[in-house]
Amino acid sequence: MLYVGECLRLSNKWSSAAQANKELQTAALTKVTLPGDPSFPFNGLFHAVKDQAKLKNYCIALRTELGPRLVATVMDKETGKPSKWWTCYNKRPFMGKRIGGH
């Protein structure tokens with residue numbers, strides 16, 4: 001959920017679907033915070049995972065698959081810009097938290 005919120009926050013900068021796909025592909029491969037990492041926002045709710053590498057690979061695959069689907073949903077077909085109905089969700093972070101503790 002935090003990653004989707006971060007993607008929607010990035011949507012203000014998108015001018016086309018191609019640019020959005022490129023930015024989300026880059027975002028998918030950036031630092032993935034996992035339970036147990038000091039910057040993971042919900043460490044109090046989740047315990048550290050034993051197989052960090054497997055979970056990290058799963059999260060990267062999930063983010064990579066989510067990007068194009070999110071772009072297809074968020075971009076307005078008529079204008080080619082992000083839909084105002086989706087960008088309204090980027091105003092507040094989910095539960096007051098952001099990825100990496102930002």
Side-chain angles (χ1 to χ4, degrees):
M1 191 67 200
L2 293 179
Y3 179 70
V4 173
E6 187 68 20
C7 292
L8 289 174
R9 191 177 66 77
L10 291 172
S11 70
N12 284 336
K13 302 175 187 175
W14 300 343
S15 59
S16 67
Q19 178 193 9
N21 281 318
K22 184 178 176 183
E23 285 188 23
L24 289 184
Q25 182 65 29
T26 302
L29 302 175
T30 58
K31 185 175 184 329
V32 177
T33 56
L34 302 171
D37 290 343
S39 60
F40 186 71
F42 297 114
N43 269 332
L45 300 174
F46 299 99
H47 62 279
V49 179
K50 293 178 184 174
D51 193 355
Q52 293 273 337
K54 187 175 183 179
L55 180 60
K56 183 176 181 177
N57 289 337
Y58 176 79
C59 288
I60 289 172
L62 179 70
R63 288 175 170 199
T64 303
E65 183 64 31
L66 178 71
R69 292 178 187 218
L70 190 63
V71 170
T73 303
V74 171
M75 297 300 278
D76 187 358
K77 310 277 188 272
E78 296 172 5
T79 64
K81 304 275 186 206
S83 168
K84 68 178 182 178
W85 303 110
W86 280 99
T87 56
C88 69
Y89 290 107
N90 68 9
K91 305 266 188 268
R92 294 186 197 181
F94 178 70
M95 294 181 67
K97 306 281 186 186
R98 291 216 187 267
I99 293 176
H102 297 115

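Across all non-hydrogen atoms, the minimal contact from N43 to L34 is OD1-O, 4.5 Å. Taking each heavy atom of G36 and A48 in turn, the nearest pair found is CA-CB, 3.9 Å. A pairwise comparison of heavy atoms in K31 and R63 identifies O-NH1, 3.9 Å as the closest pair.
S15 is linked by a side chain to side chain donor-acceptor pair (under 3.5 Å) to Q19, counting only residues two or more places apart in sequence or in another chain. With sequence neighbours excluded, the residues satisfying side chain to side chain contact (heavy atoms under 4.5 Å, CB included) with I60 are L29, V32, K56, T64. Not counting sequence neighbours, the partners of T73 by the side chain to side chain contact (heavy atoms under 4.5 Å, CB included) test are W86. The side chain to side chain contact (heavy atoms under 4.5 Å, CB included) check on A27 picks up Y3, L10, with sequence neighbours excluded. Scored by the side chain to side chain donor-acceptor pair (under 3.5 Å) test, Q52 finds no partners at all (sequence neighbours excluded).
In this structure, the separation between CG on N21 and CE on M75 is 8.5 Å, given to the nearest 0.5 Å.
Screening residues 64-74 for salt bridge (Lys or Arg N to Asp or Glu O under 4.0 Å), with sequence neighbours left out, gives E65-R69.
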